Amino acid sequence: MRASRLFLPTLRQAPTEATLVSHQLLLRAGFIRTLTAGIYSYLPLGYRVLQKISQIVREEMNAMGAQEMLMPFVQPAELWRETGRYEAYGDTLAKFKDRRGQELCLGPTHEEVITDIVRQHVRSYRDLPLILYQIQTKFRDEPRPRGGLLRGREFLMKDAYSFDKDETGLGQSYQAMYQAYRRAFKRCGLDVLAAEAESGEIGGSESAEFMVLCDSGEDAVALCNRCGYVANLEKAERRAPVQNQSVGTLRSLERVSTPDQRTVEEVTKFLGVRPDQLVKTLVYLADGKPIAALIRGDTELNEQKLRRVLSVQSLQMADAETIERLTGAPVGFTGPVGLESIKIIADYDLLSMSDFVTGANERDAHYINVNIGRDVRVERFEDLRWALSGDSCPRCDGQLELKPSIEIGHVFNLGTKYSQAMHALFTDGHGVERPIIMGCYGIGISRILATIAEVSHDEKGLIWPISVAPYDCWIVNLATSKDDAIGQVAEYLYNSLQESGLEVVLDDRLESAGVKFKDADLIGVPIQIVIGRRLAETGSVEVRLRAGQGRWEVPLAEIAVWVQKKREELMRR
RNA sequence: CGGAGAGUAGCGCAGCGGCAGCGCGCACGGUUUGGGACCGUGAGGUCGCCGGUUCAAAUCCGGCCUCUCCGACCA
């Protein structure tokens, strides 16, 4: 492709709306354009990258036996009502009606559609296992799209679904997919961590999120500094502490007046203590039964953890009325002292706390110098709060560190949630009808594009790994005219590189040298060839790698072979 | 949805009751060509939209729309 004909609207200054580097650079380099919030067009360069990423993912999916198909973007509400998600998905599901009044929605994911297809045609265990996938646009009307392509409302995703007759089969499908993901991300040039994750509503099974460490990431992973433990923030566990018995002299329990002081901030400020000297008492209804959870004042309770610890289906915070009825005091003054009627579970942190502050179960009053055992009867100590940097690793004696990251893929077991709701049944070898066991596997294709831009750039612009780069090679032709000697060499070089199978751009624009260099660096094609006055001086052209490692003077006669070899080398990294 | 900010030329911005501006980009002519060159000429506007106040509104007032940031949310 000639740069003079390429649709390449580069920008010297990024639009103010873009705050993330990836967003700014993709806009500036002419890869994408904004249509409206969270919705983008891919211009020729951006689309080439998208296709490269798609192709890598496609090859890895096909290699592990998954079959590609394409499902509709528009789906009937009817199907979503079968699983109850038409309402459960909330406003994130974009709904509309057609001219006849039929209710439709834009697909945010495709479990319902795929399950509908499979239930119609899969009847026997002989038809299983089956893995189907598609690469398709999704739409989720997020309450607040942000970060450019990193979190759009419309995005390109690879979603795969596995169908198995038993848990063993599911485990095999899951493992095969897990390995395929590792290979695909590596080929895209990304360093990826597989983080343990919550497995959704149907518990007991595995789930992993594939994360790229990145400061601008919206998610976070907990990493152990000793062993290989990696978990997403929601899942990250802590090791049970050794109980701290050697507590010194305890001060005596005292009730203090705290008029109108309800929040941790208000109470600690009023009493002149730190938030970590206060214990929050949170009252929940677990499958309808009240329970009190105790956590340190400066930490947050993780409801998933509490739910797992209690082994309950539903968990919700008790409303103000219930709290008042159970504790005898309004919200803000709840405490564990004398709370005999409710089961009390405490976070591990409480084991090492003494003489702390709690509510007094009485309006406008708190206790100080509260102590476990003497004043509070705790049934169990558990890991209840969100992990923090410095927490102990659950697998070894190392420490966890929280790091921001971007989720680019997720593999998890669906179990029989959809097959049961939608009657996707098969007959097993004993003639018994069973729901098909499903798995679901997603990769954010457009998010990978943005992630690579986010983690692979410098002050000059983008730096593409050659496996996903829009082109292999960018020729910076400094000739002023096509007709002079240098211009003719550039034409010759352009043709011979193309003939050897390389994807190459010749910058033949009548721009100054500075503009051509700046654009080449901004766009970030990995191999740059400069044809200028040195050609006349030495008979060779200059080759550079955009990533910065190395510069070579290569004789004209050897250049095509040389670039081929360099491309192979870069591809292997 | 709560809080904050913004909307003026393709991009970045100034102007804040009285002629619609600047830098970059764009077009044309000329001089340039190893890191966003220079000179000259020119084109380009529903000042987000609707209404109000005023002799006069980009500017003041009201409503709406859109975008961004922080938070809530994110199978």
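Small disclaimer: the values here were computed from a predicted structure and weren't measured. Naming convention: chains lettered A, B, ... in sequence-line order (proteins, then strands); numbering from 1 in each chain.
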Please name the nucleotide paired to [N] by Watson-Crick or G-U wobble geometry with both distances under 3.5 Å, or report none.
N	answer
B:rG17	none
B:rC69	B:rG3
B:rC74	none
B:rA57	none
B:rU33	none
B:rG10	B:rC24
B:rA43	none

Return whichever of A:Glu511 or A:Phe155 has its heavy-atom-nearest nucleotide of RNA chain B closer to the 5' end. A:Glu511

Between A:Arg151 and A:Gly38, who's closer to the 5' end of RNA chain B by nearest nucleotide? A:Gly38

Please tell me which of the listed nucleotides, [options], lies nearest to the side chain of [X]?
X	options	result
A:Glu142	B:rC13, B:rA75, B:rC74	B:rC74
A:Arg12	B:rC24, B:rU33, B:rG34	B:rC24
A:Phe517	B:rC69, B:rG34, B:rA75	B:rG34
A:Pro15	B:rC11, B:rU33, B:rA75	B:rC11
A:Thr36	B:rG36, B:rU66, B:rG12	B:rU66
A:Gln13	B:rG23, B:rU68, B:rA75	B:rG23
A:His410	B:rC73, B:rG12, B:rA75	B:rA75
A:Lys518	B:rA75, B:rG36, B:rG34	B:rG36

Under 4.0 Å, counting only non-hydrogen atoms across every strand here, what does [X] touch: a base, just sugar-phosphate, or nothing?
X	value
A:Glu111	nothing
A:Ala14	sugar-phosphate
A:Glu542	base
A:Ala37	sugar-phosphate
A:Thr34	nothing
A:Arg28	base
A:Thr92	nothing
A:Val476	nothing
A:Glu17	sugar-phosphate
A:Pro143	base

Quick check on A:Glu553: does its CD atom have over 12 non-hydrogen neighbours (other residues, nucleotides or ligands) under 6.0 Å away? yes

Given [N], is OP1 or OP2 found less than 4.0 Å from the side-chain N or O atoms of [X]?
X	N	answer
A:Thr16	B:rA6	no
A:Ser512	B:rG36	no
A:Thr109	B:rA75	no

Using the [atom1] atom as the point on both nucleotides, what is the distance between [M] and [N], in whole Å?
N	M	atom1	result
B:rA72	B:rG2	C1'	8 Å
B:rA57	B:rC50	P	14 Å
B:rG48	B:rU8	C1'	10 Å
B:rG25	B:rU68	C1'	24 Å
B:rC38	B:rU33	C1'	12 Å
B:rA6	B:rC13	P	12 Å
B:rC64	B:rG7	C1'	14 Å
B:rG42	B:rA9	C1'	15 Å

Please report the distance, rounded to the nearest Å, between [atom1] in [X] and [atom2] in [N].
X	N	atom1	atom2	answer
A:Arg551	B:rG34	CZ	P	14 Å
A:Arg447	B:rC74	CZ	P	14 Å
A:Arg146	B:rC70	CZ	P	6 Å
A:Glu553	B:rG34	CD	C1'	12 Å
A:Gln24	B:rC11	CD	P	15 Å
A:Leu25	B:rC11	CG	P	18 Å
A:Tyr418	B:rA75	OH	P	11 Å
A:Asp91	B:rC73	CG	P	15 Å

A:Arg144 (side chain) and B:rC74 (base): donor-acceptor pair under 3.5 Å: no

Please report the interatomic distance OH(A:Tyr161) to OH(A:Tyr418), rounded to the nearest 0.5 Å. 9.0 Å

Would you say the side chain of A:Ile529 lies within less than 4.5 Å of the side chain of A:Val476, judging by non-hydrogen atoms? no

Please report the C-alpha distance between A:Asp298 and A:Arg385 in whole Å, then the side-chain angles of each, then the deciding distance to 0.1 Å, and finally whether the salt bridge (charged side-chain N to carboxylate O under 4.0 Å, His left out) criterion is met. CA-CA 10 Å; A:Asp298 60 334; A:Arg385 65 159 168 82; over 6 Å; no

Pair A:Arg85 + A:Glu111: basic N to acidic O under 4.0 Å: yes

I'd like to know if A:Glu103 and A:Arg81 make a salt bridge, using a cut-off of under 4.0 Å between side-chain N and carboxylate O. yes

So does A:Val221 get a backbone contact from the side chain of A:Asp219, meaning a donor-acceptor N/O pair under 3.5 Å? no

Taking the six-membered ring for Trp, are A:Tyr441 and A:Phe210 closer than 6.0 Å centroid to centroid? no

Apply salt bridge (charged side-chain N to carboxylate O under 4.0 Å, His left out) to residues A:Lys158 and A:Glu60 and explain how you reach the verdict. CA-CA 12 Å; A:Lys158 186 283 308 179; A:Glu60 294 300 338; over 6 Å; no

Take the angle between the ring planes of A:His410 and A:Phe412 and call it parallel below 30°, perpendicular above 60°, tilted in between. tilted

